[in-house]
Amino acid sequence: QVHLVESGGGSVQAGGSLRLSCAASGRAASSNTMGWFRQAPGKEREFVGAHSWSTGRYYYADSVKGRFTIARDNAGNMAHLQMNSLKPEDTAVYYCASTSIPSAVRAAQYIYWGQGTQVTVSS
């Protein structure tokens, strides 16, 4: 089992920044792919980005490229999502997730999920 705990959500004005953190524990947590997803009310869960520990590759949705950045600590059990130039359309509950699949960019590929943290961007 992998246990994920998120923090760092909050409310900001458009153009501001937030840094989300995800702490992972449990067997294989440090070597799993770590993904970030978001879900707004009435919308499906959307892929934001991911880091594959096994390959070292990063993946980002087109909607956040150039604005969001994933950082993974050297031990592998901590991930951060740096969100800059936030827009009102970024408002959602953000989730971190973990999977053993190396290049997972779909929610269905992830087994373990954090509790979610609310990000609200005001205009």
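Remember, predicted model here, so these are calculated numbers, not experimental data.
- Contacts of Ala75 classified as side-chain contact (heavy atoms from CB on, under 4.5 Å), with partners at least two apart in sequence or in another chain: Asp73, Asn77.
- For Ser25, the side-chain contact (heavy atoms from CB on, under 4.5 Å) criterion is met by His3, not counting sequence neighbours.
- Gln39 meets the side chain to side chain donor-acceptor pair (under 3.5 Å) test with Arg45; sequence neighbours excluded.
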Contacts under 3.5 angstrom, residues 95-103 side chains, donor-acceptor by atom type, not counting sequence neighbours:
{"residue": "Ser98", "atom": "OG", "partner": "Asn32", "partner atom": "ND2", "Å": "2.9"}
{"residue": "Thr99", "atom": "OG1", "partner": "Ile101", "partner atom": "N", "Å": "3.2"}
{"residue": "Thr99", "atom": "OG1", "partner": "Gln109", "partner atom": "O", "Å": "2.7"}
{"residue": "Ser103", "atom": "OG", "partner": "Tyr59", "partner atom": "OH", "Å": "3.0"}

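- Atom OG1 of Thr69 and atom CG of Asn84 lie 6.5 Å apart (nearest 0.5 Å).
- For Trp113, the ring pair (Phe, Tyr, Trp, His ring centres under 6.0 Å) partners two or more places apart in sequence, or in a different chain, are Phe37.
- Considering CD of Gln1 and CD1 of Ile111, their distance stands at 9.5 Å, rounded to 0.5 Å.
- Atoms NE2 and CG, on His51 and Leu81 in that order, are 13.5 Å from each other to the nearest 0.5 Å.
- Each disulfide bond (SG atoms under 2.5 Å apart) pair with one or both residues in residues 24-57, not counting sequence neighbours, would appear here, but there are none.
- Partners of Thr55 according to the side chain to side chain donor-acceptor pair (under 3.5 Å) rule, which considers only residues two or more places apart in sequence or in another chain, are Ser52.
- The minimum heavy-atom distance between Ala92 and Ala40, with the atom names listed, is CB-N, 3.9 Å.
- In this structure, NE2 in His80 is found 12.0 Å from CD1 in Ile70, a value given to the nearest 0.5 Å.
- Listed by chain and residue number, Lys65 satisfy the side chain to side chain donor-acceptor pair (under 3.5 Å) test with Asp62 (two or more places apart in sequence, or in another chain).
- Considering every non-hydrogen atom in both Leu4 and Ala24, the closest pair reads CD2-CB, 3.3 Å.
- In terms of heavy atoms, Ala50 sits closest to Tyr110 at CB-OH, 3.5 Å.
- Checked against side-chain contact (heavy atoms from CB on, under 4.5 Å), Ala79 has the following partners two or more places apart in sequence or in another chain: Met34, Trp36, Arg72.
- Tyr112 and Met78 fall into different hydrophobic clusters, defined by Ile, Leu, Val, Met, Phe, Trp and Tyr side-chain heavy atoms under 4.5 Å apart, directly or through other members.
- Considering only residues two or more places apart in sequence or on other chains, Gln118 meets the side-chain contact (heavy atoms from CB on, under 4.5 Å) condition with Thr91, Val93, Thr120.
- Residues Trp53 and Ser30 come closest through the heavy atom pair CD2-O, 3.4 Å.
- Here Arg19 pairs with Gln82 under the side chain to side chain donor-acceptor pair (under 3.5 Å) rule; sequence neighbours left out.
- In terms of modelled atom types and a separation under 3.5 Å, the side chain of Arg67 and the main chain of Ser63 share a donor-acceptor contact.
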message: With side-chain contact (heavy atoms from CB on, under 4.5 Å) as the criterion, how do Val48 and Tyr60 come out once you've worked through the C-alpha distance, each side chain's angles and the decisive distance to 0.1 Å?
response: CA-CA 6 Å; Val48 174; Tyr60 295 99; 5.9 Å; no
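- Taking SG of Cys22 as the reference point, atom OH of Tyr94 lies at 15.0 Å (rounded to 0.5 Å).
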task: Report the C-alpha distance between Val119 and Met83 in whole Å, list the side-chain angles of each, state the deciding distance to 0.1 Å, and finish with yes or no for side-chain contact (heavy atoms from CB on, under 4.5 Å).
output: CA-CA 10 Å; Val119 172; Met83 305 184 293; 3.8 Å; yes
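- Annotation: disulfide bond (SG atoms under 2.5 Å apart) contacts involving residues 43-84, sequence neighbours excluded, are absent.
- Sparse packing is recorded around CD of Gln13, with 12 or fewer heavy atoms of other residues, nucleotides or ligands lying under 6.0 Å away.
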